[in-house]
Amino acid sequence: MHFVSHAWRYEYSTFLGALANWDSHKGADVTYYWVDAFVVNQHIADSYPMEWWSTRFAQAVGDVGSTILVSLPWEDPIPLKRVWVIWEIFSA
């Protein structure tokens with residue numbers, strides 16, 4: 001399984017295209033992705049206490065064991081300008 005860190009500013013097709021590109025080079029038959037938008041209810045995410053994010057969520061990201069960082073465009077990647085993504089990378 002792979003945790004996928006990305007900027008939400010990407011169009012969904014760009015996000016899926018990046019994963020398809022990565023998937024085409026890895027060689028395994030089946031791959032599972034842990035995507036925060038599908039795991040954490042984003043409509044109530046702001047109601048979680050900061051302690052939950054800094055403990056349980058951070059531990060879950062780290063426990064996945066592998067991280068894919070969707071970094072586009074290559075010469076000026078959006079995720080590296082997002083504090084949340086930097087924190088995800090740190091947690092991974």
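Quick caveat, the model's predicted, so the values are computed rather than measured. Residue numbers count from 1 along this sequence.
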- Task: Report the relative orientation of the aromatic rings in Phe57 and Trp87; use parallel for angles under 30°, tilted for 30 to 60°, perpendicular for over 60°.
- Result: parallel

- Item | Geometric class of the His6/Phe15 ring pair [parallel <30°, tilted 30-60°, perpendicular >60°] | tilted

- Task: Output every pair passing salt bridge (Lys or Arg N to Asp or Glu O under 4.0 Å) with a member in residues 77-92, not counting sequence neighbours, ordered by first then second residue.
- Result: Asp76-Lys81

- Query: Do you reckon Val4 sits in the same ILVMFWY cluster as Leu16, going by side-chain contacts under 4.5 Å, direct or chained?
  - Reply: yes

- Task: Please test Leu19 against Thr31 for side-chain contact (heavy atoms from CB on, under 4.5 Å), starting from the C-alpha separation and ending with a verdict.
- Result: CA-CA 10 Å; Leu19 289 181; Thr31 303; over 6 Å; no

- Common cluster, Tyr48/Met50, ILVMFWY with side-chain heavy-atom separation under 4.5 Å: yes

- Under the side chain to side chain contact (heavy atoms under 4.5 Å, CB included) test, which residues partner Glu11, sequence neighbours left out? Ser13, Thr14

Review item, side-chain donor-acceptor pairs of residues 58-71, under 3.5 Å, at least two apart:
from, atom 1, to, atom 2, distance (Å)
Ser66, OG, His2, ND1, 2.8

- Trp84 CH2 to Ser5 OG distance, which is reported to the nearest 0.5 Å: 10.0 Å

- Does Tyr10 have any side-chain hydrogen bond (donor to acceptor under 3.5 Å, both in side chains) partners at least two apart in sequence or in another chain, and if so, which? none

- Do Phe3 and Val30 share a hydrophobic cluster (ILVMFWY, side-chain heavy atoms under 4.5 Å, transitive)? yes

- Does Trp22 belong to the same Ile/Leu/Val/Met/Phe/Trp/Tyr cluster as Phe38, with side-chain heavy atoms less than 4.5 Å apart forming each link? yes

- Item | Pairwise side-chain contact, Ile78 with Val85, heavy-atom cut-off 4.5 Å (strictly under) | no

